[in-house]
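Below is one structure, written out as structure tokens, with a few remarks after it.
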Amino acid sequence: MQTRTEPLVFELSRTGRGAREQWPQEAPPADDLPATLRRRQRPALPEVSELDVVRHYTRLSQLNFSIDTHFYPLGSCTMKYNPKACNSLAMLPEFLARHPLAPESHGQGFLACLYELQELLKEITGMQGVALSPMAGAQGEFAGVAMIRAYHRARGDLERNEIIVPEAAHGTNPATATMCGCVVREIPVDSEGDVDLDALKAAVGPKTAGIMLTNPSTLGVFERRIEQVARIVHDAGGLLYYDGANLNAILGKVRPGDMGFDVIHMNLHKTFSTPHGGGGPGAGAVGVGSRLLPFLPVPIVGRDGDRYRWLTEKDLPQSIGRLSAFMGNAGVLLRAYVYIRMLGREGLVRVGEFATLNANYLLARLVKAGFAAAYPSRRASHEFIVTLKREARELEVTAMDFAKRLLDFGFHAPTTYFPLLVPECLLIEPTETESKETLDAFVEAMVRIRREAEDEPERVRRAPHTLPVRRLDDVRAAKQLDLTWKPATQP
Amino acid sequence: MQTRTEPLVFELSRTGRGAREQWPQEAPPADDLPATLRRRQRPALPEVSELDVVRHYTRLSQLNFSIDTHFYPLGSCTMKYNPKACNSLAMLPEFLARHPLAPESHGQGFLACLYELQELLKEITGMQGVALSPMAGAQGEFAGVAMIRAYHRARGDLERNEIIVPEAAHGTNPATATMCGCVVREIPVDSEGDVDLDALKAAVGPKTAGIMLTNPSTLGVFERRIEQVARIVHDAGGLLYYDGANLNAILGKVRPGDMGFDVIHMNLHKTFSTPHGGGGPGAGAVGVGSRLLPFLPVPIVGRDGDRYRWLTEKDLPQSIGRLSAFMGNAGVLLRAYVYIRMLGREGLVRVGEFATLNANYLLARLVKAGFAAAYPSRRASHEFIVTLKREARELEVTAMDFAKRLLDFGFHAPTTYFPLLVPECLLIEPTETESKETLDAFVEAMVRIRREAEDEPERVRRAPHTLPVRRLDDVRAAKQLDLTWKPATQP
Amino acid sequence: MAFTPHTREDVAEMLAAIGVESIEQLFDEIPANLRVKSLERIPEALSEMQIARLMTERARQDGRPLCFIGAGAYEHHIPAAVWAITTRGEFYSAYTPYQAEASQGTLQTIYEFQTMISALTGLEVANASLYDGASALAEAMLMAVRANRRSKSQRILVPTTVHPHYRKVAVATTGNQGLILETLPYSSTDGRTPLEALEPYANEDITVLVIQQPNFFGMLEDVDALTDWAHERGALVIAVVNPIALALLKPPGEWGRAGVDIAVGEGQPLGVPLSSGGPYFGFMTARMSHVRQMPGRIVGRTLDLNGNPGFTLTLQAREQHIRRGKATSNICTNQGLLVTAATIYMSLMGPEGLERVAAVSHARTRELVAALTRIQGVRPAFQGPFFHEAVLRLDKPASAVLASLAERGILGGLDLAEHYPELGSAILVCATETKTAGDIEAFASALAEAMKSVRAA
Amino acid sequence: MAFTPHTREDVAEMLAAIGVESIEQLFDEIPANLRVKSLERIPEALSEMQIARLMTERARQDGRPLCFIGAGAYEHHIPAAVWAITTRGEFYSAYTPYQAEASQGTLQTIYEFQTMISALTGLEVANASLYDGASALAEAMLMAVRANRRSKSQRILVPTTVHPHYRKVAVATTGNQGLILETLPYSSTDGRTPLEALEPYANEDITVLVIQQPNFFGMLEDVDALTDWAHERGALVIAVVNPIALALLKPPGEWGRAGVDIAVGEGQPLGVPLSSGGPYFGFMTARMSHVRQMPGRIVGRTLDLNGNPGFTLTLQAREQHIRRGKATSNICTNQGLLVTAATIYMSLMGPEGLERVAAVSHARTRELVAALTRIQGVRPAFQGPFFHEAVLRLDKPASAVLASLAERGILGGLDLAEHYPELGSAILVCATETKTAGDIEAFASALAEAMKSVRAA
Ligand SMILES: Cc1ncc(COP(=O)(O)O)c(C=O)c1O
Ligand SMILES: Cc1ncc(COP(=O)(O)O)c(C=O)c1O
């Protein structure tokens, strides 16, 4: 990666410069618009040449770690290889040019892909219906909890507004419950990482709308008593929500539908390898069992004979409605479709198997090297937690310090300090697309860092040393807010 | 840029690994092929995953300087911005899929572009005919000199086999003459960089086939007595060849055809901004005056009414023949076509003007900063020469040292030690697409390097310091040849 | 076929290191009765070559009709440089920039984006995107309700001239928290929201007023009067704006005497392909005073250990991964890559280029309206200033007319029957700078024919 | 419109620094009478949007017919990763790696390429590319003549089964240096070069023998016997090979008892799109003993100041920029970017993938030949082993048949009338791994119809 920082694009700007080749050649006056509704002066966008732009953003890109350049074992995020074909095929000119409101007559090819994707995801997850429009995991969660609420409401069961969430849950779970107007009830997990069944029993009741679970959980272990959990919640009148962020771990091995979940979301940008794009876009397709079918968000793709068509509120009058202006992240859906078709049946099974193999191998090697597993008695799922509390206590070198120092060794850091209940934790997810050599090199780096932590701890504490910037002051960032560039700002 | 080196792709290879997604799913036996004609063991290509490949070559790419990332003032090479649209439009799926031997009925769109490109280049250069098939400047030179020979031969003028070349000429000029079976006669230039007319007069004679000239020359100055040169050569029965490598300097200002040249090549990868691709491909279209029209290399695109068609040996029975299996670097030609259409008449003139402005400005600033121009009394063309002979003598820091140290400052080095007749020279060509700020920063770097050369010369002599490798041992490379990787090789 | 690099030897060594016999054994904590029996409805793997052929055929099946539909998604020219750079692996395959030191490329790009969006809207802070324009409006409503401490009613006035899909998304998103959305009628003569429509609420507790400019019909609302009306009554104002239009139109930060409180919009016009509806991105800007109520990621500039500037995610205490149930939103993954594209697009266009795109798009739409309304039976639905989009009334059934055009390879606008049945047979048409005089001519002559050939209802 | 960044102020300051009044003045050394008056036939500038529209229309005009032409350019599947990486600016917009320290990416890629091409051909050294397969053959002839010090004749035997365009390029390129190319006839029964064809030269001074494998007709030459024949007489052997075929066929380094001296070929099949004929690249490999006669760039591995390995251009003393008139060739710019693409392609395919591509292409061609020769009036021209390409004789005029197929969107092969009139009505057909059973079926049924509808000559 590039090690020099770049000036801001605004600093490259000069009045009168511009990528004119990109501008329309005419500049008609627009004098029909009333002056009171018009802008008085042009917006302060940069004035730069096309070369300036290309050079600036190319150089900026080189300041990033990414899967295409680095091992990126960010737990819970499934940073696997994003096949290049998924991108190029989703970006075929006709797909890119298609207007979202173009008639179905001019979208049969596109709709066929989406329809088949719905069917594929049903089979993969064991659900009865799938809607593709949610634009990320969190929006899928929203759709799911909204469906749970709509279900209870439709049955006249108006009091059910509590969502149970294990303490290890991802922040989006409780946040979603709140957004859906629910009350969150957190329950603990036991020392082996399973849900505390007694706490669960105590938590359920006539106000229980449902429970949100990831399985395997964000602790990197499979919830072994999932059938009991399902029974307890169902018996109490609640429904089970499956947070699909960790679906990669069990692909082809066990299906949420078979575990008793009533509604799920899938992160297509995790399990189905659409790119993360430096923060998005993703796609959070939802799947439901038969009870929730009527409530799916619209639009959905239906088939009449050999024609595909949009299903809308007219077809699903009980739908929770529309969550996006059009069809959600359509281009991401095409990428996921291509990916699944390339994997096929056998490939899907292979994903679950090799993601799990890689995680267990990496865990075994790290434990052998003296690192502490958070759940030493358990199998890893596709990810696992190492806790550095001993290192933090004895060497005063924290998980964050390890994380930053890993950057110097050319590895993106694992997820740090999540889940919150494990102290000084690193949540490590290697994914199935990484090779044994890469995992071995990562172990070696971890061992070297621990040795450094013993020999010259300051080196670790002040890492990174070889990146374009040294460790950044987050506290200052939040206190002295500098969120937009102003000509005079000097940080 | 990335500062870590990469292992070789072979070092990443593991038996049994592979990007299977890319392979055909079948493996038919091919048992109809006789064993004596078959391979006994598979070739030792790397066995790596798609992620391995993507990561490896992405990281390798980051080890390069390029226009998209760095100022690249490599004299004689015209490293200007390569517009992205030229690439994407030349790579439209239908253009990429078109077979070179597809019938004309399935190539009217493509042929229209080539035909128009021929016409545009004629107008730009003032020539009467253009052939696009030569695949680089040197092949254009070959075509040109071959045409000159064919012309003399056709007239029964069989003794003319001498090609005159000024000593500042690019190496391809004499090399081409030799390839065409000619004898090279070098002539000197005078102290102001113009051809020594007396020497020229002495050199011409009944054996003179022609002269090869760049104008402006590779000394960065315009040959002011070009009309006299033309007269002398023509009077002696020779023809004038124009090496178009420096056409950028005079675009829209003066045309080779008007200067008296009989044949020219253009480097579309220089003047017309097709990319250099780390060494190629280029395109070396040739243009001719009326005398050489019958000898143009085939194929050429002709027009009958509103249909375009290939012209071949049948249409041009005196042609020097075919220089490429098909249509030369067709995709490069499309890029040049797009570029010229985007520039239009006014844009072409602008190129010449601003390339010249940038060069003269940079020269003026460097001279002001105390560097010595090789031709201080002259205007710069689009490039100019600075000679560091004083620095080499007084500080024992060479042009090569300056060049290497510039890399540390984030600038690609100018061309060094060419032309050979100017000692310790840097041939500097900023091109028109660079901004004043970039030129100013380059001057500043040159000044700082000279200061370093005074204060801590070893720092300059041992440069670069911040690149993925330190200065490389070229002598060792040539002596202990290591040209392919072998499992055991340790350099 | 799963992009896995493992050789047989690798697997053997790895299993040995773990201490198990088979991969299967790694799944032994999963109750046996739950194990998948088969995935029989999943087809066999396709090689890249095979899927490429399939997708190419499907794409060709959909063709490339000449499109005059706008309605929230606009076909603008996208410079080749935008996606050439955006799809670079370092942008494309990176995650959210949690490790700031290893993500300066993405972080600086977002900081630049925030600055540009602020410049366009005239407001002080912007976030790093929401899912799309519609979800950005819904989030803005939740944010405004939190921010408006003076109002208790959670009542939001939403003109009918706001994009109908946006209104639906707002209902679906905010309904569970009890927000009450009330619709305001439009004037049938000028297609705008008249001040009179607000009168019934003059003395009510209203939390928020939403204004879309240009509105769904392409008409220009009287944004100053509407904004001031709301502010005078203690309501906050949310603007829904088209970022290209903002190159010409008054920025929401200057609407009325004080400017709006929050502005949102669909970022798609800024270099993002139509792509059947997504991925696009929603942008959101607001006054600095509301920053702590903002949903989504925000990038700030700070200093590193050496005192050099650098960029990092900031104000994370608003977000779900820290604040969980009390976060400003559940959003986590956003639309980062599209923000990168938009930032590159805005850099290429600059103030003048963007203004030209807006002005030419508008001019083309005016020419289009002029050409189409010359046809017998076609007339403008509304009088008054419009921008870049317009409603036309037809005296033949719109659906049949559009179907007939589509057969000729022309997508002639959006049928308004579903959302605005009161308009009768009406279509919303749009031209951008991508349309030539020839395209407009082609549309006009196809429409003239269709109007003749289609039967009256 | 020229991608120039200069503002009016920039120009003023720059002119002042130079000390001139106007840009015009910078051209004052050019004789006034020579100055361009106008470029009136150059049209006005188009914006990127306008040229994009024009090019898209032209591309669509050419369509995407189903193509069964081979004849030196082959439609293989190109993995998406190949060009996604090759077009990265750092590869795409770099120059020849003269400054090695700033070009390790390109240099290492070439070193890897050299190694891969050596592995495929079984020879020791490879260069960094020549323009295309045809020019590589011409350069190989010049090189072989230089390298063969024992022979004085400059006579080169070239079978008629060598690609006719390659033979033409060889003549055009080497003729001026006096090389004499003599053609060898082929057997009309098996389409190969019979040893008898060589007999007339048995006691002559022959400098070089060229052998193409598979030959232009797709037939497999008896390479061992031919190679040995030449070597026994002191001639060098140049092989012309298809790199995909080399995954299955005996590498030229193993032909005969000693292997050939030089092997060249067209690199296009290795991940380079058909693109109407270029840019492609020629590859060249040879025995180490000939390396100093090799044209083109060569990369070597060496050490840096710190003793770490790195890559650099080497043996430059062979090249024009050092040796000028005495260089091994005038080549300077080569086909670097295509070498990058091919290196990525070969890495993705590896030994097994490449073998499959070869085997499936061959299997498809066999199926094609079987399907087509079932049609009345279509029969194979030659007997014997072929690879991946075949000549068919038709009892109707080939040109009319092909034209009729083309109207149906099928490019049914190459008419051999121009180059091999003695074959009568004959076409050269080819299928690669990209063709499905359905494609072959479509070709067969279209050909059956065409054979019926076209009149006999
Ligand atoms: C466990 C878990 N749940 C939910 C989410 C939210 O998904 P998204 O980021 O797509 O909204 C994530 C991802 O970050 C996650 O890791
Ligand atoms: C002056 C001059 N002439 C000729 C050439 C040869 O052109 P090419 O490299 O395209 O063969 C070059 C380029 O390097 C050059 O600079």
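Chain letters run A, B, ... following the sequence lines, proteins first, then strands; residues in each count from 1. Computed from a prediction, not measured in an experiment: that's the story for all the values here.
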Checklist entry - Taking NZ, NE, NH1 and NH2 as the nitrogens, is one of them in C:Arg60 or A:Glu94 under 4.0 Å from a carboxylate oxygen of the other? => result no
Next on the checklist: Do A:Asn87 and C:Tyr92 pair up side chain to side chain, a donor and an acceptor below 3.5 Å, judged on atom types alone?
Outcome noted: yes
Checklist entry - Is there a donor-acceptor pair closer than 3.5 Å between any side-chain N or O of C:Thr314 and the backbone N or O of A:Ala478? => result yes
Checklist entry - Heavy-atom distance under 4.5 Å to chain A: side chain of C:Ile23, backbone, both or neither? => result side chain
Item to check | Heavy-atom pair count under 4.5 Å with chain C, highest-scoring of A:Arg462, A:Met259, A:Arg20 | outcome: A:Arg462
Next on the checklist: Between C:Asp62 (side chain only) and A:Gly109 (backbone N and O only), is there a donor and an acceptor less than 3.5 Å apart?
Outcome noted: yes
Checklist entry - Does any N or O in the side chain of A:Trp23 come within less than 3.5 Å of the main-chain N or O of C:Leu348, such that one atom is a donor and the other an acceptor? => result yes
Next on the checklist: Does the plane of the ring in A:Phe326 sit parallel, tilted or perpendicular to the ring in C:Tyr280? Use 30° and 60° as the thresholds.
Outcome noted: perpendicular
Item to check | Gap separating the OG atom of C:Ser276 from the NE2 atom of A:His106, nearest 0.5 angstrom | outcome: 12.5 Å
Next on the checklist: For the backbone of A:Arg379 and the side chain of C:Glu29, can you confirm whether one donor and one acceptor N or O come within less than 3.5 Å of each other?
Outcome noted: yes
Next on the checklist: A side-chain contact here means heavy atoms from C-beta on lying under 4.5 Å apart; do A:Arg322 and C:Val169 qualify?
Outcome noted: yes
Next on the checklist: If we define contacts as heavy-atom pairs under 4.5 Å, which of C:Gln114, C:Glu44, C:Arg88 has the most with chain A?
Outcome noted: C:Arg88
Checklist entry - Do C:Leu337 and A:His276 have side-chain heavy atoms sitting under 4.5 Å apart? => result no
Next on the checklist: Please report the interatomic distance CG(C:Leu142) to OG1(A:Thr178), rounded to the nearest 0.5 Å.
Outcome noted: 11.5 Å
Next on the checklist: Between C:Thr106 and A:Gly278 (side chain of the first, backbone of the second, donor and acceptor by atom type, cut-off under 3.5 Å), is there such a pair?
Outcome noted: no
Checklist outcome for this item: Most contact-rich option vs chain C, by heavy-atom pairs under 4.5 angstrom, among A:Leu343, A:Leu101, A:Asp474, is A:Leu343
Item to check | A:His56 side chain to C:Glu112 side chain, donor-acceptor N/O pair below 3.5 angstrom | outcome: yes
Next on the checklist: Please give me the minimum heavy-atom distance between C:His165 and A:Ala325, naming the atom from each residue.
Outcome noted: ND1-O, 2.7 Å
Next on the checklist: Counting heavy-atom pairs under 4.5 Å with chain C, which one of A:Gly347, A:Gly321, A:Ala136 comes out on top?
Outcome noted: A:Ala136
Checklist entry - For the side chain of A:Arg38 and the backbone of C:Leu249, is there at least one donor-acceptor N/O pair under 3.5 Å apart? => result no
Checklist entry - A:Leu120 versus chain C, heavy atoms under 4.5 Å apart: side chain, backbone, both or neither? => result both
Next on the checklist: Is there a ring-ring contact (aromatic ring centres under 6.0 Å, His included) between C:His6 and A:Phe354? Walk through the geometry before answering.
Outcome noted: CA-CA 8 Å; C:His6 303 72; A:Phe354 285 79; 4.7 Å; yes
Checklist outcome for this item: Ranked by heavy-atom pairs below 4.5 Å to chain C, first place among A:Glu346, A:His269, A:Met327 goes to A:His269
Item to check | Derivation and outcome, side chain to side chain contact (heavy atoms under 4.5 Å, CB included), residues A:Leu472 and C:Gln104 | outcome: CA-CA 11 Å; A:Leu472 289 160; C:Gln104 289 294 298; 3.3 Å; yes
Checklist outcome for this item: On a heavy-atom basis, the closest approach of C:Glu101 and A:Leu467 is O-CD2, 3.2 Å
Checklist entry - Does a salt bridge link C:Arg356 with A:Glu26, judged by any charged N lying under 4.0 Å from a carboxylate O? => result no
Item to check | A:Arg224 side, atom CZ; C:Asp28 side, atom CG - distance, nearest 0.5 Å | outcome: 10.0 Å
Checklist entry - Under the salt bridge (charged side-chain N to carboxylate O under 4.0 Å, His left out) criterion, do A:Lys436 and C:Glu13 qualify, and how do the steps go? => result CA-CA 9 Å; A:Lys436 177 171 173 298; C:Glu13 288 176 41; 3.1 Å; yes
Next on the checklist: Test side chain to side chain contact (heavy atoms under 4.5 Å, CB included) on A:Val54 and C:Ile85; report intermediate values, then the result.
Outcome noted: CA-CA 7 Å; A:Val54 166; C:Ile85 299 175; 3.9 Å; yes
Checklist entry - Taking atom types as modelled, is there a side-chain donor on A:Asn329 or C:Gln335 under 3.5 Å from an acceptor on the other? => result yes
Checklist entry - How about A:Phe10 and C:Thr115: do any of their side-chain heavy atoms sit closer than 4.5 Å? => result yes
Checklist entry - Roughly how far, to the nearest 0.5 Å, is OG1 of C:Thr312 from CZ of A:Arg471? => result 12.0 Å
Item to check | Nearest non-hydrogen partners of C:Asp304 and A:Arg470, listed with the distance | outcome: OD2-N, 2.7 Å
Next on the checklist: Taking the side chain as everything from C-beta on, heavy atoms only, tell me whether A:Arg365 gets closer than 4.5 Å to C:Ile18.
Outcome noted: no
Checklist entry - Is it the case that C:Ser347 and A:Tyr57 place a side-chain donor and acceptor less than 3.5 Å from each other? => result yes
Next on the checklist: Closer than 3.5 angstrom, by distance alone: can the side chain of A:His99 be matched with the main-chain N or O of C:Ala73 as a donor-acceptor pair?
Outcome noted: yes
Item to check | C:Thr56 side, atom OG1; A:Leu89 side, atom CG - distance, nearest 0.5 Å | outcome: 6.0 Å
Checklist entry - What part of A:Leu74 gets closer than 4.5 Å to chain C, counting heavy atoms only: side chain, backbone, both or neither? => result side chain
Item to check | Test: A:Glu119 and C:Arg41 ion pair at under 4.0 Å | outcome: yes
Item to check | Contacting moiety of C:Ile298, where chain A heavy atoms sit under 4.5 Å | outcome: side chain
Next on the checklist: Below 4.5 Å, heavy-atom pairs only: which of A:Ala175, A:Ala85, A:Pro93 has the largest tally toward chain C?
Outcome noted: A:Ala175
Checklist entry - Salt-bridged, A:Arg42 to C:Glu355, with N to O below 4.0 Å? => result yes
Next on the checklist: Using a 4.5 angstrom heavy-atom cutoff, name the option from A:Thr176, A:Ile320, A:Asp258 with the most pairs to chain C.
Outcome noted: A:Thr176
Checklist outcome for this item: CG (C:Leu274) and CZ (A:Arg98) are apart, to the nearest 0.5 Å, by 10.0 Å
Next on the checklist: Do C:Val125 and A:Thr484 have side chains that approach each other closer than 4.5 Å (heavy atoms only, starting at C-beta)?
Outcome noted: no
Checklist outcome for this item: Given C:Asp132, C:Leu411, C:Thr343, the one with more heavy-atom pairs under 4.5 angstrom with chain A than any other is C:Asp132
Item to check | Ionic contact status for C:Arg301 with A:Asp482, cut-off 4.0 Å | outcome: yes
Item to check | Close side-chain approach of A:Val469 and C:Asn308, heavy atoms under 4.5 Å | outcome: no
Next on the checklist: Could you check whether any side-chain N or O of C:Asn330 sits under 3.5 Å from a backbone N or O of A:Thr172, counting only pairs where one atom can act as donor and the other as acceptor?
Outcome noted: no
Checklist entry - Is it the side chain or the backbone of C:Ser118 that comes within 4.5 Å of chain A heavy atoms, both, or neither? => result side chain
Checklist entry - Would you say C:Pro251 and A:Arg39 make side-chain contact, with heavy atoms under 4.5 Å? => result yes
Checklist entry - Under 3.5 Å, side chain of A:Glu123 to main-chain N/O of C:Glu40, donor-acceptor pair present? => result yes
Next on the checklist: Does any part of the side chain of A:Pro83, heavy atoms only, come nearer than 4.5 Å to the side chain of C:Phe3, both counted from C-beta?
Outcome noted: yes
Item to check | chain A contact via C:Glu433 - which portion, at a heavy-atom distance below 4.5 Å | outcome: side chain
Checklist entry - Can we say A:Asp32 and C:Arg366 salt-bridge, meaning some charged N sits less than 4.0 Å from an Asp/Glu carboxylate O? => result yes
Checklist entry - What residue, out of C:Gly350, C:Ala358, C:Gly325, has the most heavy-atom pairs lying under 4.5 Å from chain A? => result C:Gly325
